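What follows is a short report on a single structure.
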Amino acid sequence: SFRFSGATYPIELEIKTSGVSEKLSRVGVGWRHQIVEAQGSDPEALYRGTVVLQDKKVVRELASAIASSPPKAFEPPIGWVGYADHYFLAALIPAEPGLARATVSPENAGAQLLLSSPRSSGAEASTRFTIYVGPKDVEVLEASGYQLARAVDFGWFSFLAIPLLRLLKLFHGLTRNYGVDVILLT
């Protein structure tokens, strides 16, 4: 079952299993994303690809490299697995990162992301996941939790870019004019 909240982007997912063989030890959720080849000198191509938070490290793979890569398996702990472009992120988040596994693999001109967790035992077992589909706005991602803000790649100068971004947003809260905000920032 899905649970939506009108005020936030994360979607809660609960998968209930009953009458299933004990041999089924894991339950998973997947995301498939069609990848369109970059046309000419597409500047957005540098931002499209998969992102995985594994053992507190963000692992990125560009969309252009996925088709020629073998499937990649990620062992626990998995914070989340997702597909990102310049402005948006789709991420699958386990309820128990320490037990989750992820796989990123090419599939028919696209990328297949699979996230699995151990199936709870019992007659009415349920496994929980969270799905985030929304903007790569640092404040929105931080409010969502799960360290999703780490999906935003500020590059080598992140130590400088993050405070400057916060200062720009502070100025914008006062002036409501990005032109004036940039002048104040410089």
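These numbers come from a predicted model, not from an experiment.
Looking at Val81 and Phe74, their side chains never come closer than 4.5 Å, going by heavy atoms from C-beta outward. In this structure, Pro76 and Leu99 have side chains that are not in contact, with every pair of non-hydrogen atoms separated by 4.5 Å or more.
By the rule that hydrophobic residues join a cluster once side-chain heavy atoms approach within less than 4.5 Å of another member, Leu174 and Leu185 end up as members of separate clusters. No single ILVMFWY cluster, assembled from side-chain heavy atoms under 4.5 Å apart, contains both Tyr83 and Leu141. Linking Ile, Leu, Val, Met, Phe, Trp and Tyr whenever their side-chain heavy atoms come within less than 4.5 Å leaves Tyr146 and Trp31 in two separate clusters. Under the 4.5 Å side-chain heavy-atom criterion for Ile, Leu, Val, Met, Phe, Trp and Tyr, Leu115 and Leu53 are members of distinct hydrophobic clusters. The cluster map of Ile, Leu, Val, Met, Phe, Trp and Tyr, joined by side-chain heavy atoms under 4.5 Å apart, puts Val51 and Phe88 in different clusters.
Around CZ of Arg26, the count of heavy atoms belonging to other residues, nucleotides or ligands within 6.0 Å exceeds 12. Within 6.0 Å of atom CZ in Phe171, more than 12 heavy atoms from other residues, nucleotides or ligands are found, so the atom counts as buried in its surroundings. The 12-atom threshold is not exceeded at CZ of Arg128, counting heavy atoms of other residues, nucleotides or ligands nearer than 6.0 Å. Atom CZ of Arg60 has more than 12 heavy atoms from other residues, nucleotides or ligands within 6.0 Å.
Atom CZ of Phe129 sits about 7.0 Å away from atom CG of Leu13, to the nearest 0.5 Å. Put simply, OG on Ser144 and OH on Tyr9 are 9.0 Å apart, with the number rounded to the nearest 0.5 Å. One distance of note links CD of Gln147 with CZ of Arg150; it measures 5.5 Å at 0.5 Å rounding. Taken from CD1 in Ile183 to CG in Asn177, the straight-line distance is 8.0 Å, to the nearest 0.5 Å. One distance of note links OH of Tyr132 with CD1 of Ile11; it measures 10.5 Å at 0.5 Å rounding. The distance from atom NE2 of His33 to atom CD1 of Ile66, rounded to the nearest 0.5 Å, is 9.0 Å.
A salt bridge links Glu75 with Arg101: the closest approach of a Lys/Arg side-chain nitrogen to an acidic carboxylate oxygen falls below 4.0 angstrom. The residues Arg119 and Glu96 are annotated as not salt-bridged, no charged nitrogen and carboxylate oxygen being separated by less than 4.0 angstrom. A salt bridge does not link Arg3 with Glu14: none of the charged nitrogens is closer than 4.0 Å to a carboxylate oxygen.
Between Ile78 and Gln54, the shortest heavy-atom distance links the atoms CD1-CG, 3.8 Å. Nearest heavy-atom pair across Phe2 and Ile131 is CE2-CD1, 4.1 Å. Shown here for Ser69 and Glu61, the closest heavy-atom pair between the two residues is OG-OE2, 2.7 Å. When all heavy atoms of Leu114 and Gly30 are compared, the closest pair comes out as CD2-CA, 3.8 Å. Between Ser126 and Lys16, the shortest heavy-atom contact is CB-CG, 3.9 Å. Across all non-hydrogen atoms, the minimal contact from Gln34 to Asn108 is OE1-O, 4.0 Å.
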Can I get a per-line list of side-chain donor-acceptor pairs under 3.5 Å for residues 151-158, giving both atom names and the distance, sequence neighbours left out?
unit_1, atom_1, unit_2, atom_2, d
Asp153, OD1, Gly155, N, 2.9

* Working for side chain to side chain contact (heavy atoms under 4.5 Å, CB included), residues Glu142 and Asp137 -> CA-CA 9 Å; Glu142 285 175 347; Asp137 180 319; over 6 Å; no
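Only one option out of Leu113, Val52, Leu148, Thr130 pairs with Trp80 in a side chain to side chain contact (heavy atoms under 4.5 Å, CB included); it is Leu148.
Remark: side-chain polar atoms of Lys136 are paired, donor with acceptor, to backbone N or O of Asp85 under 3.5 angstrom.
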